[in-house]
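In the text below, chain A, chain B and the rest are named by the order of the sequence lines, each starting its count at 1. The figures here come from the full heavy-atom set of this structure, side chains too, leaving out hydrogens, waters and symmetry mates.
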Amino acid sequence: MPDSMSRLVWPLAALALLLAFNAVVSPSFFHLHFAEGRLASPLIDVLNQGAPVLLLALGMTLVIAAGGIDLSVGAVMAIAGAVAARVLETDASAAAAVAAALAVCLAAGLWNGLLITFAGVPPIVATLILMVAGRGIAQLITDGQIITVEPGSAFLAIGRGALLGLPAPVLIALAAAGALSAAVRLTSLGLFIESVGGNEEASRHAGLDVRSTRLAAYAIMGLLAGLAGLVDAADIAAADANNSGLYLELDAILAVVIGGTALTGGRFSLLGSLAGAILIQSLSTTILMAQFGGRSVPVELNLVIKAAVVLIVCLLQSSELRRLLLRTRRAVA
Amino acid sequence: MARFTRHWPLLATAVVLIALYATAAIAYPGFGSWFQFTRFFSDNATLGLAAIGMTFVILSGGIDLSVGAVIALSSMVLAVLMSRLDLSMWSAAPMVLVLGAAFGAFMGGIIQVFRLPPFLVTLAGMFLARGAALLLSDAKRIDMKDIESVRSLSERHIAGFSLAAMVLVAAVVIAAAVLRFTRFGRTVYAIGSDESAARLMGLPVARARVGAYSISGLCAAAGGVVHLIGMQAGDASAAFLLELDAIAAVVIGGTLLAGGRGSVIGTLLGVLILGLITTIPNYQGDLNTWWIKIVIGLLLLAFVLLQRAAQRWTEC
């Protein structure tokens, strides 16, 4: 089995296990039917509600693979929603609102990247700055209010529309995943990112432009965080600077790690991150739907189970654990 | 000269704190009062305690994202022990402190033994502690106003300083002494600046790393006890994302996030700067709260760039 496949086995196996559990405990999970012109099912809902985390996880994969991390994505999501809502207030078209929001988020991503590559600030601190200040900036843009989007606006299609029976957020996430996979595999971007994350010094000696590669990863992350923010804002038809994207940076990082990309950088798998993001979202939906003996499971259990999943996945990836297990096996033999 | 460059991030923090305090004290009547001065310590005691523990972890080259959740969990456990099991504060609080230290040691142990990134392990710890706190209470607050010992402790003051403020100051003094005068403290610095060198010198690396995380857990648990006394309630959603403020305070206080350099005194100054910034809108009514976040972000930026400059200066 090639290495790239073996790393995908665990997240996909975990996802399959979770879906099988759902098939037994709540059969309605897989029940597909048409409602309001689109396919409806808890399974589709998982993808629909998980779209922001899916989008974030895609960008986070590149950032982590390049040896960095981005804590600011939740705040950048809030900025995207705030900018879009403000532009829509001026009777501008939906396209203008989307373009303005994405431009601001691209700038946010570049800011993070420049701080890391040119000022030499460690990625955790550099993005922590925007994580703290970004939510303040979003609240500044919205004046601390929740700005609602008018019901008839074409902007809402991003969050509530459907095409061929599939909800728009799912399509946007899939399109982004397809475009990014093509970008990293058809061009040398993917190779460069893995090289920079794997060994920065060697990459530099090989003549690779380390700074531009890192910068590109953060710029793409900014764009995807903006897209996630737009989906979120269009879904609730409002820009909520306080809550949009709150805590999602952690889910995104988790999705990437579950997907088999090491937090230390290097090799990455976009497909693995997608599986990781779907796994995280299915967990929440499963817990919401699961019933034991007629009693529903407390929602708070979600956090505890998430903690267990993180630890198990980390331990599975740890070479130390493998070494320890091997040693005990040898000792027993 | 080397001594000076080593200390000037701390000096810069002190200058910013004094300048901010002096400006605010001149601009707003009452801001410079003794009452308000003591309030800075009382109001930020929980954050301060968490930031002291965080300083140990960051000095050792790690990070602890679980402190906010551990504060919430320990305040909930204390509330449950006292209100449902009728234990006194004097028997329940030590249990909570031990629990916090054990939780930190558990995370530190996993990080040390399995060589896992601290970011992820403590993230799992955050989910675990927050989830446990919410499950303990069915996500409800536990009111402690009727319990005599909580009320009397919350009303006790010496020279204006509340119990929380005194715990904070005592913790700073003890932590600074531990870092400066003990073998453990020196090992924490050594791991942060160069782990393999520390190991080659025969320093107890594993013990010191686990020790740093257990101190962070202990400090967070103490923060939880102080929080319960201050609020007179156990609250599972308390201290939400407080770890970010704690990290910010440590960085503003001049500790390198890469580890190996910094001080607890700096962290206290950082906490007080954050406290000043969050208090100013109380005095200036037209200042919106989101400016707090933006100003804290800008301060972080300024201090991080300053640290980079200081590092480059010493490298030359």
Side-chain angles (χ1 to χ4, degrees), chain A residues 69 71-72 75 111 115 119-126 128-144 241-242 246-247 250-251 253-254 257-258 262-264 298-315 317-324, chain B residues 58 63 65-66 69 107 110-139 236 240-241 244-245 247-248 251 256-258 288-305 307-309 311-312:
Chain A
I69 198 147
L71 298 179
S72 71
W111 159 261
L115 213 50
V121 178
I124 289 191
V125 198
L128 178 70
I129 292 171
L130 194 59
M131 181 186 191
V132 176
R135 210 159 275 285
I137 293 170
Q139 287 164 338
L140 179 72
I141 295 171
T142 61
D143 243 343
N242 293 326
L246 198 64
Y247 251 175
L250 300 179
D251 279 355
I253 294 168
L254 221 56
V257 175
I258 291 175
L263 206 60
T264 43
V299 184
E300 291 80 25
L301 200 62
N302 195 1
L303 283 172
V304 177
I305 293 177
K306 243 191 216 172
V309 170
V310 184
L311 272 183
I312 292 170
V313 169
C314 281
L315 288 175
Q317 291 179 352
S318 152
S319 49
E320 292 298 312
L321 180 71
R322 234 166 283 154
R323 205 173 303 156
L324 278 177
Chain B
I58 291 182
I63 199 144
L65 298 183
S66 72
M107 291 189 301
I110 291 179
I111 293 166
Q112 172 66 32
V113 173
F114 299 113
R115 311 256 122 218
L116 291 176
F119 187 90
L120 283 177
V121 175
T122 57
L123 181 62
M126 173 215 255
F127 288 146
L128 189 66
R130 185 69 72 182
L134 287 164
L135 284 173
L136 253 181
S137 64
D138 292 332
F240 187 68
L241 291 185
L244 295 181
D245 286 336
I247 296 171
V251 172
L256 283 187
L257 207 74
N288 289 312
T289 47
W290 46 87
W291 282 110
I292 296 174
K293 291 177 190 153
I294 296 176
V295 169
I296 292 176
L298 288 174
L299 261 183
L300 260 177
L301 176 67
F303 277 97
V304 166
L305 291 179
Q307 283 186 0
R308 283 297 300 168
Q311 255 177 310
R312 282 190 184 153

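Crowding of A/W111 atom CH2: a count of heavy atoms from other residues, nucleotides or ligands under 6.0 Å not exceeding 12.
For A/V132 against B/K293, the heavy-atom pair with the smallest separation is O-CB, 3.4 Å. Taking both residues in full, the closest heavy atoms of A/V304 and B/A132 are given as CG2-N, 4.0 Å, listed atom of the first, atom of the second, then distance. Shortest non-hydrogen contact noted between B/G297 and A/A133 is CA-CB, 3.9 Å.
In terms of heavy-atom pairs under 4.5 Å with chain A, the best-connected choice from B/I294, B/V251, B/L300 is B/I294.
For chain A, the nearby parts of B/L301 are the backbone and the side chain; heavy atoms of each come within less than 4.5 Å. At a 4.5 Å heavy-atom cutoff, B/F303 makes no contact with chain A through either its backbone or its side chain. With a threshold of 4.5 angstrom between heavy atoms, B/L241 approaches chain A through side-chain atoms but not through N, CA, C or O. At a 4.5 Å heavy-atom cutoff, B/V295 makes no contact with chain A through either its backbone or its side chain.
With contacts defined as side-chain heavy-atom distances shorter than 4.5 Å, the pair A/V121/B/L257 does not qualify. Residues A/L303 and B/L128 fail the side-chain proximity criterion, which asks for heavy atoms closer than 4.5 Å. For the pair B/F127 and A/L254, the minimum side-chain heavy-atom distance is below 4.5 Å. Contact of the A/V257 side chain with the B/F119 side chain is not registered, since no non-hydrogen atoms from C-beta on lie closer than 4.5 Å. Between A/I137 and B/W290 there is no side-chain heavy-atom pair separated by less than 4.5 Å.
Residue A/L311 holds its CG atom at 5.0 Å from CD1 of B/I110, rounded to the nearest 0.5 Å. Put simply, CD1 on A/I129 and CG on B/L305 are 7.0 Å apart, with the number rounded to the nearest 0.5 Å. With values rounded to the nearest 0.5 angstrom, B/L65 atom CG is found 8.0 Å from A/L71 atom CG.
The side-chain hydrogen bond (donor to acceptor under 3.5 Å, both in side chains) search around A/D143 returns none, not counting sequence neighbours. Listed by chain and residue number, nothing satisfies the side-chain hydrogen bond (donor to acceptor under 3.5 Å, both in side chains) test with B/D245 (two or more places apart in sequence, or in another chain).
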